[in-house]
Amino acid sequence: MKKLTPKSMDFSKWYVELIRKAELADYAPIKGMMVIRPYGYAVWENIQSLLDKRIKQTGHSNAYFPLFIPESLLQKEIEHLEGFSPEVAWVTHGGREELEERLAVRPTSEAIICQMYSKWINSWRDLPVLINQWANIVRWEKATRLFLRTTEFLWQEGHTAHETYEEAQKETLMILSLYKEFVETELAIPVISGKKTEREKFAGALDTYAIEALMSDGRALQMGTSHNLGQHFSKVFNIKFEDRNQDLQYVWQTSWGVTTRLIGALIMSHGDDSGLKFPPRVAPIQVIIIPISIGDWKENVLPVVKNIKSILDQAGMRVKIDEREEFTPGWKFSEWEMKGVPLRVEIGPRDIKKNQALLVRRDTMKKETFHLDSLKEKVPEILEEIQGNLLDEALKFQMENTNGTQNYEEFKAIIESKKGFIKAFWCGSEACEEKIKEETMASIRVVVLKEEEYKPVGKCAFCEKKSEDLVYFARAY
RNA sequence: CGGGGCGUGGCGCAGUCUGGUCAGCGCACAGCGUUCGGGACGCUGGGGUCAGGGGUUCGAAUCCCCUCGCCCCGACCA
């Protein structure tokens, strides 16, 4: 395990090296595909359980739909088909037999789920339908990148059906704020949220909303999307119900998802030149205990260490003891720093005599000794502090790298020199959006949602027309 | 998919221009011993059809052609 390429020297190299050295993932022998290794998968499992809880608390249930979607179903919603067809993988044969109809490997599941919803929904009494699934997705991307864009990825996709537009809209926005809360609380990554422009919205949606975060190289990353599908799908899939007035109506739908890309965001938001820095809430290992192996440590140190582990285990923490004899303590320190474990506990013979342990925080690298009896209280306290500190640091970074301007020349200068978010006004025309993207490579990440009490007015960053749409621009992944 | 770069034991590289003396180094790995509070050391040992295929040549890691993969910059996208 050698040193990492410094982040400031070559961000991409740093990112890929870190993923492989920390054993999060590895390249698979198929183009654009990766293996998520146990340590990386453990992060995903933590993300899953924390998010799944929220999804269920808001009334949704999990289900599972088929991996394959018949071509005829995918074709029903025309925008949807056109949006996804360039990246669909097709199954053409079953065994030796050519299939009568090609099967798409799901690039998303609207089509197959809508097909089922049309059978299940008859009355307003059947609504709302609130279903989520955890699944794998295949999109034949041209350029891939570990965790951020791979040919196959894991995600959760929620698919709901409602009686009215208002209800669907409420669901869409509820999920948007659920995502924001989840990502900020558990992943310690601050996000901005808002609506996508027509150009950036989901293929087949009425409106798309998203949360976006700033990575530490100054580029934005879409972290989650929530779509109000309107009646686009219900009309073509014939999802009708008899409403409270005995009139036949098409349902109003939503869909929303977050993916294994979140792991990429964790790496890029918090990582440094020593490696990963996992927020405690999603860290596979929260506390690594390193017994200092000197002299008769096995008799004197190890039993104490094991006792501490069991106390912390019982308090609900994820704790590991590194008692490997083939590595020196110094080597282990570096290794676990690379792997982003939030808190290290060092205990050697010297400490045993004084009934103390040395605690080292991954985020600040600060060292402090504590009495062994206080660890049960101190450790969770420090973990909470680390969680908070990581969010604060990321928030500070986001604020420092968010600039406002109403002047296009200044806009261009900011994008070139500092990157980050640019908060600006936009007249709403696709032409301006397109021009800016062409000339600066910055796209509109989100249009800020209007609130009752706050209605800003300004002039479009490009054409200088009067505008009420405040937007965030950035160069994005 | 366009432009550029790269591909040599697990990882990082040298060797490629100028074909032969070239399968080499560091780390990692295995065994033994001494070590161990910030990436220890000694001795011994295992591992590579030089990304794959084809060609030129008496002879190819080295020259030519094709294919694949990875990285970077664009276009597209969770």
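Labels below follow one simple rule: chain letters A, B, ... track the order of the sequence lines, proteins then strands, and each chain is numbered from 1. Note that this is a predicted model, so its numbers are computed, not measured. Heavy-atom basis, side chains included; hydrogens, waters and symmetry copies ignored.
Contact annotation for A/Glu141: base contact, defined as any heavy-atom pair under 4.0 Å involving a base atom. Contact annotation for A/Glu157: no contact, since no heavy-atom pair falls under 4.0 Å across all strands. Within 4.0 Å of A/Ala210, counting heavy atoms only, lies no atom of the nucleic acid at all. A/Lys367 comes within contact range of at least one nucleobase, with a heavy-atom separation under 4.0 Å. Within the nucleic acid shown, A/Ser443 has no heavy atom closer than 4.0 Å to any nucleic acid atom. No engagement by A/Met223 is indicated, since no non-hydrogen atom pair under 4.0 Å with the nucleic acid exists. Using a 4.0 Å heavy-atom criterion, one finds that A/Pro349 contacts the bases of the nucleic acid, with or without backbone contacts as well.
Side-chain atoms of A/Arg344 and base atoms of B/G38 include a donor and an acceptor less than 3.5 Å apart.
Comparing B/C36, B/G39, B/A78 by their nearest atom to the side chain of A/Trp331 picks out B/G39. Distances from the side chain of A/Leu358 to the nucleotides B/C29, B/A78, B/G37 place B/G37 closest. Among the nucleotides B/C36, B/G38, B/C1, the one closest to any side-chain atom of A/Val360 is B/G38. For A/Arg20, counting side-chain heavy atoms from C-beta on, the closest listed nucleotide (B/G37, B/C73, B/C11) is B/C11. Distances were taken from every side-chain heavy atom of A/Arg139 (C-beta onward) to each of B/C1, B/A78, B/A40; the shortest belongs to B/A78. Side-chain atoms of A/Met338 lie closest to B/G39 of the nucleotides B/C36, B/A78, B/G39. Residue A/Pro329 places its side chain closer to B/G37 than to any other of B/C76, B/A78, B/G37.
Listed for the A/Arg318 side chain is a donor-acceptor partner under 3.5 Å among the backbone atoms of A/Arg281. In this structure, A/Ser177 contributes its side chain and A/Met174 its backbone to a donor-acceptor pair below 3.5 Å.
Near RNA chain B, meaning a heavy atom under 4.0 Å away, there are no residues from residues 270-291 of chain A.
The phosphate of B/C76 (OP1 or OP2) has a side-chain N or O of A/Lys437 nearer than 4.0 angstrom. Side-chain N/O atoms of A/Ser334 include none lying less than 4.0 angstrom from OP1 or OP2 on B/G38.
Distance check on atom C1': B/C36 versus B/G42 gives 16 Å, rounded to whole Å. When the C1' atom is used for both B/G12 and B/C76, the distance is 34 Å, rounded to whole Å.
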* Asked: For every nucleotide of nucleotides 66-71 of chain B, 5' to 3': is a protein heavy atom under 4.0 Å from its base (B), only from its sugar-phosphate (S), or from neither (-)?
  -> ---SSS

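Residues that satisfy the side-chain hydrogen bond (donor to acceptor under 3.5 Å, both in side chains) test with A/Arg102, not counting sequence neighbours, are A/Glu71.
Across all strands shown, B/U16 has no partner, as no Watson-Crick or G-U wobble contact with both distances under 3.5 Å is found.
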